[in-house]
Structures are given as C-alpha cells and as structure tokens.
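Since the model is a prediction, treat every value here as computed from it, not as a measurement. Heavy atoms only: backbone and side chains are in, while hydrogens, waters and symmetry mates are out.
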Amino acid sequence: MFSGIDEVDWASMEHAYGPADDVPQLLRGLASADPAERETALDGMYGAVHHQGDVYACTLACIPFLFELVADPGVQDRGGVVELLTSIGGFDLDEDDEDEIEDVANYAMAAAAVTAGAGVFFELIADEDPGVRLAAPLALATLHRQPVRVLALLRERLPVEPDEEVRLALVEAAGRVALRHRPLAERAGKWLGMLASRADSPGLRLAALAQLARCSPDGLPGDVVPVVSGLLREMRSAPQEPGSTKEHAAPGAGPDPAAGGPPGGTAAREGDEPESGPDPAPDAEPVDPEPVASAENGRGEQVAAPTLVGRLRSLSAQENAGQGAPWATDLLRTLHVGLDDRVGDRTALLADQLRSPDRRQRIDAVRMTGGLIRAWRGSYEEVVALVGEQLSDPEPRLAEAASHVLEELFELASPAAEALAARVAGDPGGWVKEWASGPPGLSSPVKALARLGDDRALPALAAALELPQVAHDVGFAVGHLGAAARPLAGTLRRRLAEVELDEGAYDRAGPLLAGLTALRAGEAAPEVLRVLRGAPEYRGEWLRTAALRALGAFGPAAREAVPELRALVRRPGTAAATEAAEALWAVSGDADAVLPALIEGLQSDQVHDRRAAAVALGALGPRAAVVAPRLRGLLAHEEPWLRVDAAIALWEVSGRTRETVAALLTAWEQNRHVRVRVAECLARMGPVPEGSAPAHALRSELLSVRRHNAMDGGYGSHDIHEDEKLLALCRQALRGTGKGSTS
C-alpha cells in the first residue's frame, strides 16, 4: 500500500495551514491499527487537506492513495474514507462557481479523478463492514456516471441488507440519483412510492417519504401529515435496538454536494441550527478519550480521539443514547426540505412533533419551526404556542432552543406571551447572561418578551440597568417597550451621568443612549451633552453619533444643545456635520442653518454620507426644495440604496411622485432588500391607485409565500421582523391611509 507516496513532492504543495509535507503521515494514519490515530488522521484530512471543502494540489495528490485505502479490507473505518472521497469529488461546478472559486480547475480535476475510480464503490455496497456499506450508496449516487445501473443496484441490495441504517442510506441514495438525473425521477419516484406504502419498517417508509418529497413531491400521499405522524408513533413504540451503525459524522465529513452550498462545506439548509452550547474551542485542553458506541457491528467499543471529530462523535453518541431511531431527525429534516412551500403541511407536522413525548424530537421540531418561519410566510399561531410550552420543560436544551426561536419572532411570538412571562418571572437569576468575553446581554426570554412590547419585561430591564456593566442590548429592548418603559428614564439618565469618558465610554454609554433615544427623554439632554462634548478619541465618532441621535429624538426639549450643534454644523463635508444638522433641525427647526451642511454632505465621496444627507434633507420637506435638482441627479446612481434615499427625499421636498415612484419601483425589482424602505414611502404617499404599477408590486409581494429576505444557508436576527413589517406596509399602502397620492 502507498506505493510511490514518498516520490510525491509534498513539500512543494500547500494545504490550509502551510506546507503539505505532513500529508503522507496523515494518509498512513488512516490505515493505522490504532482507532485514535485513525480518527486524528481523518480530522487532519478535513481540517487541512480538505479544509472547509477546499481542493488543493495536495488534495488531488491524495486521491489515488485514498482509493487504495477503501479497496483494502484490512483497513478499518474505511467508511470515513469513502465519505472523504465523496466530498472531494462530489462538488458540482456551475458558471457562477467558475467565476468565483479560486483554483476552480482543482475542483474539476478532483471530480474527474474520483469519478474515474467510482467503480470501486460497487464492490463496497456488500462489504462486510457496515460502516463501508453505509457510505457506499451515497458515493455511487453522487459520483458514478451510470445512474441507471446505480439505481438498479440500490433496488437489488435493499431486500438483502440486514442493517436498518444502511437500508435508509440506500433509499437516500435513490433520491440523490433522481435529483441529479431528472430523467430518472419518475422511475425512482415509483419505487420510493411503493416503499412508502409497503416497506416492512416504519423507518424505511419514512425515509421513502422524505426522498419522495425531495425528488417527486407529486407522488406524496394527500394525507402525508397523518401518515408521517403515525410512522413516528410506530417508531417510538417499537422495541429499542442496539446502537446505530454509525455515529453522526462531524461537520464537513461528507457534505451534500447536491445541496448547493460552498465547495465541500456542509450546506446549511433551512431549519438547521447549531446545537445549543458553545462549540469546542480549537485550542481547548485535550479531554480524556472515552468509549463510545462502535461504528461497526462486532467491534466492541471505539475510542474517541481528543480531536474535534472525536469530541463531536462522543457528544453525538451521548445525545443519542437510549434513542431507538436517532436517524429519525435527519429523515424529518429531509422531509421538511422536500415539502418546501407546503407551509400548511409542514406546520401540521411540526405541531405533531412538538407534542411528541420524545424530548429530542421536540428539540428538533423547535429548531425546524424557527427555520420554517424564517423562510416562509404563513399562519403560525398553533406552533408558536407549542414552542412556548417547551419553556417550562425541565430539559434545559429544550427550553433554551425554544427561547432562541421566540426571540427571533418579535410580534409573531404573541401566542407564547404567557409562557414567556412565566419563564421570565420564574427565573430572575437568568435575566442577564454573562459571557467569558464581552459585555453581558439580556437572556432570550427577556428579549422575546420585550420585543412583544410586554411590560412584564420591565423588572428584568430595570435589574439589567443596575448591574455594574449594563447589558449591551438593554437600550434596544427599551425601544420595543416604548411608553411602557418610561419609568426607566430616570435610571438611564443616572447611569449615563456616571459613565467615565475614557476608552470604554462607548460600550458603557451606547446602551443607555439607545434607551434614552427610544424614550425621547428630553430631560436627559444635559447628560447627553456631557457625553457629546467629552467623547474620547477611541470610538469617539460612534459615541458622538449616538449622542446626536438622542438629541435629535428629544427635539425642542434639547434646546440647550443648540450652540453645540451649530458649532458642529460649521464643519461641512463631515459625517458629524450631517448628523449635527439633522439634530439641529429637529431641535430648532432652523432650515437656513442646516441646508449648507446637508448640501455639502450630498456631494461627499462616501455613499453612506450621501445617503445620510439625503435622508436629512427629506426631513426638511419643502424647506429644502432648492436641492430637488441635486436629488434628481442621484436617481441614476449605481448604488440602489442611495437611489432609493434620493427618490424618497425628492418626493418629500418637491411633492412630485411620478419620477420618484418610477425610481422606487426599479429599485424594488433590482434589490429585494430595499423593499421595506420603498414600501414605507409608498404607504406615506397613499392611496396607491388600483391597477397601477405600485399596486401590482405590492399585491405580488403579499401573494408571495417566500419571505422577501429569506436566504439559503444563513439568516439575520431581525429577518422575520423586517419581512412582517414589509407585509404590514404593503397592506397599509393599498388601504390608502397615507397623506398623498402616487398618481
């Protein structure tokens, strides 16, 4: 084995962490008789040679030796090597990838090399090692160039395969073939449909339904929700079997190349969230190896190496201990992805899962609920209330998962308001979370309750304001409570007066200024002025911006700040001048004093500064009519956000809607992320004439089931709130509750 390995010039190549001269040692480690050494070697292959899915020259050079390993029955844990080869060779390049991926030729060569040797996986489909049999079907479905032959082999193997988890892998591979080779979808779908109705185990029927949803959703039964619910009940009542064939793979070990993610990285799917608790730090102290369930039948215990892979394997084994079917979660996730925009079916299924006596199933249902609501619009009252019920569960992971989901929902969390209030009232010690580094923050239940505008969050916010270091997000929570948080103004003012204006001033004063701004607490003008005048050099610009926003929010109540604001306005062309001009207008209403600075800001080289000036000019209304030609000139700017801000300001200063609406609708179509800003303007213009272009755009948005800002593989903490705001604005604009006309 490894003939010629020392003749390769490894030192001339590099991997993620430098010269690749250590690769031969890693390859030999994969063949070691020591399970800990094998695990360490596999960790090194994913961590350096195939780092986050990258393909280097040394990755290509490894391929022949990896094939030697999988073909040798004397090598143990070959299933992991099969998965590694599948990941290296299984990335599908498209035109966008060719433009964006560095060293794109490496991926093409890797795919060609692994595909050329994929015939070996046919021999492994009946290997004595169940771990190899588990990995081989997906390798064939992903890499082999004869999908008809692969599909036939999967069907032949299923009746004689003794291991349940391998049987599930055979079904998953059939779905992969159908997805990659659409002409075979009908053939695969018929087989999957037959399995879904006649297979001899509930797990296999569920697996068939999951793959049917992915590759041939029209073949799903009309009563898919009660069918799946019945299968889950059947699986829960079945006698528990010995540990699963193979522990869940570590991140990066065998990603789904068909999922559309970045090369080699595990593609983030809708509904996926990290497990609760911190990830193991790369430089954490080694842990003592501990035995975990064997990855292969008949091998007794397997030792988990003190690597990231080993630790995750051990944690997975502990978490799945006692579960008869730990793979059911993966099947349900696959089913949800396949159901896609069938929100009604998915919420009904989640509601059933959230009522399950199986806590693990409820944890996953909570997380999948969060993923569903982030991506799709729908009616979620029932499932949100069920998520709220998990807050009282004694299992901390379940309550924590529910808290995180509810925190993101803002107003959609209202069905869980009572459960949130009970959780907050019953856990005063958990109101604020302390972190190893960085400032403390409010807990998820407190934030979720505050974002509902529920004044039962007030005791927690008051307590957070009395801590030696104020929670960094308390000011934003105050803003969501609005007038209900007015009793906190005195404390905010007192704490701001105590802030030392040193290098840490921004971190300490920022949350307090945000709270005072939200409350428009003009009585705090003296304390805010002290901060404005004494802002230190370090982050002083940020601190001055926060102080100026507060003074602007105070309006005429901050009149004592006028001299300070006038002095700042006399520095035209700076961001501070624009911010000060905006505040001065709000406090004094003196348009003549602020116009020169704002006009100067409109000519800045920085797009951000020009946007700020445009927004400030719009606030002046007709008093700034003189700048209409300058704003009109920005309607053709390449930056869509600047075009939108200029168009809105143009309408505000001139009252002319035709050119404004045209520019806004163009931006609406070109960049979905500007839609909230555009809809705000259309709602203020209203009524939108029936049959007009704006009405068509607004109604089309309301008819869309997909959230306007939904992203594959990521999300923002305010995405749901922003999308719900967009829907409300669209309805408002169509109802015509604004002040003008878009005609």
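For the atom pair Met235 CE and Gln361 CD, the distance stands at 8.0 Å (nearest 0.5 Å). To the nearest 0.5 Å, the span separating CG on Leu386 from OH on Tyr380 amounts to 14.5 Å. A distance of 14.0 Å separates CZ in Arg362 from CG in Leu350, rounded to the nearest 0.5 Å. How far CG of Leu206 is from CG of Leu232: 6.0 Å, rounded to the nearest 0.5 Å. Expressed to the nearest 0.5 Å, how far CG of Leu492 lies from CG of Leu512 amounts to 6.0 Å. Between the CG atom of Leu409 and the OG atom of Ser414 there is a distance of 9.5 Å, given to the nearest 0.5 Å.
The two residues Leu138 and Thr86 have their closest heavy-atom pair at O-CG2, 4.4 Å. Of all the heavy atoms in Leu349 and Ser229, the pair that sits closest is CD1-OG, 4.4 Å. Taking all atoms of both residues into account, the shortest heavy-atom contact from Leu442 to Val474 is CD1-CA, 4.0 Å. Shown here for Asp34 and Ala36, the closest heavy-atom pair between the two residues is OD1-N, 3.0 Å. Of all heavy-atom pairs spanning Val405 and Val366, the tightest one is CG2-O, 3.5 Å. In terms of heavy-atom proximity, Arg133 sits nearest to Asp163 at NH2-CB, 4.0 Å.
For the pair Leu192/Leu209, no side-chain contact is recorded, criterion being any heavy-atom separation below 4.5 Å from C-beta on. When side chains are defined from C-beta on, Arg377 counts as touching Ser704, because their heavy atoms get closer than 4.5 Å. Using a 4.5 Å cut-off on side-chain heavy atoms (C-beta onward), Gln469 and Leu467 make no contact. Annotation: side chain of Tyr715 is not in contact with side chain of Asn709 (no heavy-atom distance under 4.5 Å). The shortest distance between side-chain heavy atoms of Arg346 and Trp376 falls below 4.5 Å. His50 has its side chain within reach of Leu84: a pair of non-hydrogen atoms, C-beta onward, lies under 4.5 Å apart. Residues Leu331 and Glu172 have side chains not in contact (no heavy-atom distance under 4.5 Å, counting atoms from C-beta outward). With contacts defined as side-chain heavy-atom distances shorter than 4.5 Å, the pair Glu161/Leu170 qualifies.
Side-chain contact, Glu381 with Ser379: a donor N or O sits under 3.5 Å from an acceptor N or O. Using modelled atom types, one finds no donor on one side chain facing an acceptor on the other under 3.5 Å when comparing Thr334 with Gln211. A side-chain donor from one of Gln353 and His336 sits under 3.5 Å from a side-chain acceptor of the other.
Shown here are the side-chain contact (heavy atoms from CB on, under 4.5 Å) partners of Arg423, two or more places apart in sequence or in another chain: Leu391, Ala399, Pro445.
The aromatic rings of Phe410 and His721 lie parallel to each other, with less than 30° between the two planes, well short of the 60° mark.
At a threshold of 4.0 Å, the pair Asp364-Arg333 counts as salt-bridged, since one of the basic side-chain nitrogens sits closer than that to a carboxylate oxygen. Between Glu234 and Arg205 there is a salt bridge, since a side-chain N of the basic residue sits under 4.0 Å from a carboxylate O of the acidic one. The existence of a salt bridge linking Arg706 and Asp340 is excluded, since no basic side-chain nitrogen approaches an acidic carboxylate oxygen closer than 4.0 Å. Comment: Glu411 does not engage Lys725 in a salt bridge, judged by the lack of any side-chain N to carboxylate O separation of less than 4.0 angstrom.
Without hydrogens or angle criteria, Arg451 side chain to Glu407 main chain gives a donor-acceptor distance under 3.5 Å. Side-chain atoms of Arg38 come within 3.5 Å of backbone atoms of Ser32 as a donor-acceptor pair (strictly under, hydrogens ignored). No donor-acceptor distance shorter than 3.5 angstrom exists from the side chain of Arg214 to the backbone of Arg176, with no hydrogens or angles considered.
With Glu395 as the partner, the side-chain contact (heavy atoms from CB on, under 4.5 Å) test is satisfied by one option alone out of Arg359, Gln390, Glu400, Arg360: Arg359. For the pairing with Arg374, the salt bridge (charged side-chain N to carboxylate O under 4.0 Å, His left out) check across Glu408, Glu722, Glu724 returns one residue only, Glu408.
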| request: Run the numbers on Glu382 and Thr347 for side chain to side chain donor-acceptor pair (under 3.5 Å), then give the verdict. | output: CA-CA 8 Å; Glu382 181 184 13; Thr347 52; over 6 Å; no
List the atom pairs, with distances to 0.1 Å, where a side-chain N or O of residues 431-440 and a protein N or O form a donor-acceptor pair under 3.5 Å, not counting sequence neighbours.
residue: Trp431; atom: NE1; partner: Val424; partner atom: O; Å: 2.7

